[in-house]
Every structure is written in structure tokens, then in C-alpha cells.
Amino acid sequence: MKIIIAIAIVVVIVVGSGLGYFLYQKHEKDTQVNTNTNTLVETAKATDDTYQQQKQDEENLKKANDILKNKNTNYKVSAVSTIDDNGFFGLMTGKGLRFIIYDKKDDMIATIPFDKELLNPKKYANTDRALYFDMSVEYDNVNSKDKKAGYWSGSTHTIPIEIYSEEKDGVLSPLGIMTYYGNNKGKYDEYLYEMQNVNLANLANLAILHGDSLRVDITNRNIDLP
């Protein structure tokens, strides 16, 4: 009887161990399958998100270039920010780097020589330092109140800009925008009088609103900046 009981105990232990091992292996296999499935789902979602983002980026670029084309310019941006009710901030490559600003409200275009500082105007806020740049306005009015500011090349009006700004609650606002007359570097002691020029200059200063998305687009398109 003792031998039978001992054999029965051994059988129970062996069967129990085997069943436990089987259930453990099954659990591990199911866990691995679930993990692989989740990974595939996440990878597929990430791939789809990337595709959708690339598609949106291409649509934005086409939209920006269509606007420039409809304005009868030869400009073409290689990277562009988000496009909203203010307009857009773009980068033109090719023969030299230039920024381009499109003011949707006034339907005006201006170009600015490339300067990395314009991608980070926020660091000038709440300081005694001004942000300087030359803004070339396409098809400006030769009889405008700002006609003496900067200099002219045909219908293109290049206006030197000095702008101070402040940041409050994450919002960048201009404190003062000045210019000078003539094409010789001088003291910025003249005001801008035409609101459309003020708006263009302010949009350049507010590039921080579009700067982040423009930087991302520049990176995604593998554009090297000096």
C-alpha cells in the first residue's frame, strides 16, 4: 500500500510539474505573441502617422508655392512653416538662402536675407537688444508714406528694420519698429507709417509663431543651414 501511495504521489508530482510547465510555456508564448502584435500595430501606426505628416508637409509646400506663383513672382520655397490666417514663413534655397514672408491679411510678400537669429527672435524679447534685418517688399507703392525708407530697386523696396519686442505669457509683441532713410547704414530714427509695412516687419519679428514648424520642415527635408 505504501509503495502504491508513493507511486501515486510521484505520478501526481510529475503530471503537475508537466502541466505547470506547459501552462507556463503557453503563457510565455501568448505574451510574446501579444507583444509582437502590439509592436506591429504601433509600428504600423507610427508609419501611417509619418506618412500622413509627410503628406501634410507636401500639401503645405505646394500651397505656399501656389500662393507665390499667383502673386506673379519667381520665388519658390524649399521649406515652409504651417500656413494660417497670418500667412506663412518660408525658406528659399538656390542662389543664396532667403526667408520669405507672406502676409495673408494684406496679401503682401517680403523677402529677408537668411539669418538664424530670425528663427529665434524670442531671445531678443525683454532686453535692450534690437533685432535687425533688411526687408524687401515686392511691388511696394512708390508713393507710399514710407517711400524714403531704405532704397528702391525697380518696384522692390528694401526697408531696414530695427525692432524691439517683449514677451508676456508666451506671446511676443513689438515695442517699437524703426527704420532709416537712404541706402547707407545710418541711425534708425525714422518711423514706418504704412501699416502693411509695419505688419510685414511685425510678422518677421513674430516668426517665433511659425519658426518652430519651419525648423522642423527644414530638418525633415535635410536642408543644411550655415
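Note that the structure is predicted; figures quoted are calculated from it, not measured.
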Partner set under side chain to side chain donor-acceptor pair (under 3.5 Å) for Thr111, not counting sequence neighbours: none
Applying side chain to side chain donor-acceptor pair (under 3.5 Å), can you list everything that pairs with Thr156, at least two apart in sequence or on another chain? none
Atom pair CG/CZ of Asp115 and Phe99 - distance to nearest 0.5 Å: 7.0 Å
Side-chain touch Phe114/Leu225, heavy atoms, less than 4.5 angstrom: yes
Apply the hydrophobic cluster definition, ILVMFWY joined by side-chain contacts under 4.5 Å directly or through others, and give me every member besides Tyr151. none
So, taking the atom named CD1 in Ile100 and the one named NZ in Lys76, what distance separates them when rounded to the nearest 0.5 Å? 13.0 Å
Excluding sequence neighbours, so at least two apart, what forms side chain to side chain contact (heavy atoms under 4.5 Å, CB included) with Lys168? none
Roughly how far, to the nearest 0.5 Å, is CG of Asn183 from OG of Ser153? 11.0 Å
To the nearest 0.5 Å, tell me how far Leu91 CG sits from Ile218 CD1. 4.5 Å
Does atom CG (Asp189) have a neighbourhood of more than 12 heavy atoms from anything else shown, all under 6.0 Å? yes
Leu118 to Pro113 - nearest heavy-atom pair and separation: CD1-O, 4.5 Å
Applying side chain to side chain contact (heavy atoms under 4.5 Å, CB included) to Asp217 and not counting sequence neighbours gives Asp57, Ala79, Val80, Arg221
Glu166: partners by salt bridge (Lys or Arg N to Asp or Glu O under 4.0 Å), with sequence neighbours left out: none
Where the side chain of Lys116 meets the backbone of Pro226, is there a donor-acceptor pair that is under 3.5 Å apart? yes
Of all residues at least two apart in sequence or in a different chain, which pass the ring pair (Phe, Tyr, Trp, His ring centres under 6.0 Å) check with Phe133? none
Taking the side chain from Ser213 and the backbone from Thr82, do they hold a donor-acceptor pair closer than 3.5 Å? yes
Salt bridge (charged side-chain N to carboxylate O under 4.0 Å, His left out) partners of residues 131-143, not counting sequence neighbours, each pair once: Asp134-Lys185
OH-CD1 distance between Tyr181 and Ile159, expressed to the nearest 0.5 angstrom: 10.5 Å
With a cut-off of 3.5 Å and sequence neighbours excluded, list every side-chain donor-acceptor pair involving residues 60-71.
residue: Asn60; atom: OD1; partner: Gln56; partner atom: NE2; Å: 3.2
residue: Lys62; atom: NZ; partner: Asp66; partner atom: OD2; Å: 2.9
residue: Asn65; atom: OD1; partner: Val77; partner atom: N; Å: 2.8
residue: Asn65; atom: ND2; partner: Leu61; partner atom: O; Å: 3.3
residue: Asn65; atom: ND2; partner: Val77; partner atom: O; Å: 3.3
residue: Asn70; atom: ND2; partner: Asp66; partner atom: O; Å: 3.1
residue: Lys71; atom: NZ; partner: Asp107; partner atom: O; Å: 2.8
residue: Lys71; atom: NZ; partner: Asp107; partner atom: OD2; Å: 3.3

Mind checking what makes side chain to side chain contact (heavy atoms under 4.5 Å, CB included) contact with Glu194, not counting sequence neighbours? Ser144, Lys145, Asp146, Gln196, Asn197
Could you work out, with salt bridge (Lys or Arg N to Asp or Glu O under 4.0 Å) as the rule, every residue matching Glu59, not counting sequence neighbours? none
Side chain to side chain contact (heavy atoms under 4.5 Å, CB included) with Glu162: which residues, sequence neighbours excluded? Ala130, Tyr132, Tyr164, Met178, Tyr188
